[in-house]
Protein chains: 2
Amino acid sequence: MTGEAPLSELETHLGYWLRAVSNAVSHSFARKLEAEGVTVAEWVFLRMLYDVEVIAPSLLAERMGMTRGAISKLADRLGDKALIARAANPDDRRGHSLALTPPARALVPRLAALADRNDAEFFGALSAQERSWLEDLLRRIARERGLSSAPTD
Amino acid sequence: MTGEAPLSELETHLGYWLRAVSNAVSHSFARKLEAEGVTVAEWVFLRMLYDVEVIAPSLLAERMGMTRGAISKLADRLGDKALIARAANPDDRRGHSLALTPPARALVPRLAALADRNDAEFFGALSAQERSWLEDLLRRIARERGLSSAPTD
DNA sequence: TATTGTTATACTCTATAACTATA
DNA sequence: TATAGTTATAGAGTATAACAATA
């Protein structure tokens with residue numbers, strides 16, 4: 001009898017551990033954001049708008065690595081929460097612009113503090129050198145694989 | 001005028017880069033699995049069954065970090081694909097047992113090869129030492145945070 | 001009553017594609 | 001016609017809770 005060939009185990013893959021830790025970090029962050037009534041994707045959306053003041057949905061979709069349809073739905077939800085305002089572009093009325101409302105502008109710094117706290121909870125025990133090394137490594141892989149858009153989920 | 005307080009940026013969080021790379025790795029793996037008609041969660045499910053021969057849904061749920069309801073739905077799909085068989089436990093007829101079908105047993109090694117290939121694509125450019133550091137670091141964080149269950153999404 | 005597993009409901013994110021209105 | 005944005009549909013994952021069968 002030949003038996004079966006031995007297989008690589010789940011835990012031998014770096015992708016496994018990356019996913020395990022990443023899921024835990026994101027899930028923990030999501031629970032913190034929940035208290036402010038916002039999802040992780042909405043946080044990224046709001047944070048990007050905070051810097052640019054005004055942006056077209058299609059450009060935001062590109063930067064967030066989402067489809068225009070997904071951005072549209074996200075914008076609906078944020079509009080319902082009165083966190084963003086939509087306006088038609090006067091020059092080309094096909095185009096719209098998205099901008100934060102004053103309440104959203106006040107909210108984003110609180111959300112940023114939650115992001116800081118979440119990161120500290122998971123990576124605070126690492127040395128500064130380890131954190132810097134980990135960031136460099138991840139950035140390198142992202143660059144090699146041509147990742148340009150923000151992760152949302 | 002006071003202006004606004006400066007905020008930490010998205011890219012300053014390790015969680016951001018972790019999510020970015022992890023999403024890319026998982027997405028790439030999902031596309032490979034797609035050719036075999038299987039999702040990432042189904043892969044983990046099948047891979048675990050491969051080792052244990054037989055397992056109760058509730059125990060598998062615990063090991064995969066999913067609810068019993070989610071496992072039930074997953075088992076439905078895998079049953080439809082004729083990859084797993086369900087049977088009632090003779091001793092306690094509330095309990096069921098899950099096991100791979102022969103086709104699934106033949107499939108898992110092919111899926112494992114895809115997992116190996118995907119890992120190599122993303123991490124093959126790292127040195128052996130870097131890979132080992134990264135794994136140790138991720139394992140350490142997982143252990144500190146008490147992560148025991150397998151990541152599925 | 002408690003437990004095992006299933007089912008129902010609902011929400012988020014994803015992907016594709018049809019649709020509207022402008023140009 | 002092409003483009004910007006919206007809407008519809010479907011699939012996958014997650015979470016909660018009600019439910020049936022069994023103990």
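Throughout, protein chains are lettered first and strands after them, A, B, ... in sequence-line order, and every chain is numbered starting at 1.
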Whole Å only: how far is the CD atom of B:Glu34 from the C1' atom of D:dA12?
12 Å
When the nearest nucleotide of DNA chain C is assigned to B:Ser58 and to A:Gly69 on a heavy-atom basis, which residue is associated with the more 5' position?
B:Ser58
Should B:Val25 and A:Leu14 count as side-chain neighbours, where that means a heavy-atom distance under 4.5 Å?
no
Report which part of the nucleic acid A:Thr67 touches: base, sugar-phosphate, or nothing (heavy-atom distance under 4.0 Å, all strands).
base
B:His27 atom NE2 is separated from C:dT14 atom C1', nearest whole Å, by 8 Å
Go through the side-chain N and O atoms of B:Asn89 and B:Ser97 and say whether any donor and acceptor fall under 3.5 Å apart.
no
Quick one: A:Ile71 CD1 to C:dA15 P, roughly how many Å, whole number?
12 Å
May I ask you to list the residues of residues 72-85 of chain A, by number, that have any heavy atom positioned under 4.0 Å from an atom of DNA chain C?
A:Lys73, A:Leu74, A:Arg77
With sugar-phosphate taken as primed atoms, P, OP1 and OP2 and all else as base, the protein-contact string of nucleotides 18-23 of chain D at under 4.0 Å (heavy atoms; B, S, -) is ---BBS
Checking side chain to side chain contact (heavy atoms under 4.5 Å, CB included) for the pair B:Leu33/B:Thr39: CA distance, chi angles, key distance, verdict?
CA-CA 6 Å; B:Leu33 289 176; B:Thr39 68; over 6 Å; no
Run the salt-bridge test on A:Glu121 and A:Lys32 with the 4.0 Å N-O cut-off and return the result as yes or no.
yes
Under 3.5 Å, side chain of A:Thr12 to main-chain N/O of A:Ser8, donor-acceptor pair present?
no
Do the non-hydrogen side-chain atoms of A:Leu138 and A:Leu18 ever get within less than 4.5 Å of each other?
yes
Separation of atom CZ in A:Phe45 from atom C1' in C:dC13, rounded to whole Å
15 Å
Does a side-chain heavy-atom distance below 4.5 Å link A:Asp119 with A:Phe29?
no
Quiz question: by atom type and distance under 3.5 Å, do the side chains of A:His13 and B:Asn118 form a donor-acceptor pair?
no
Consider only side-chain heavy atoms of I, L, V, M, F, W and Y, link residues closer than 4.5 Å, and tell whether B:Leu78 and B:Val54 are in one cluster.
no
Rounded to whole angstrom units, what separation is found between the CZ atom of A:Arg86 and the C1' atom of D:dT7?
12 Å
Interatomic distance, A:Met64 CE vs C:dT12 P [rounded to whole Å]:
14 Å
Begin with the C-alpha distance, continue with both residues' side-chain angles, and end with the deciding distance and a verdict on salt bridge (Lys or Arg N to Asp or Glu O under 4.0 Å) for A:Glu42 and A:Arg47.
CA-CA 8 Å; A:Glu42 289 169 1; A:Arg47 182 64 186 82; over 6 Å; no
Just report the end-to-end axis angle for the helix from C:dT1-D:dA23 to C:dA23-D:dT1, five pairs per end, to 10 degrees.
30°
Set out, in order, the CA-CA distance, both residues' side-chain angles and the distance that settles salt bridge (Lys or Arg N to Asp or Glu O under 4.0 Å) for A:Glu135 and A:Arg140, then state yes or no.
CA-CA 8 Å; A:Glu135 181 174 331; A:Arg140 207 169 97 204; over 6 Å; no
Rounded distance (Å) that lies between atom C1' of D:dA12 and atom CG of B:Leu33
14 Å
Give the rounded distance in Å between these two atoms: CD of B:Glu62 and P of C:dT4.
11 Å
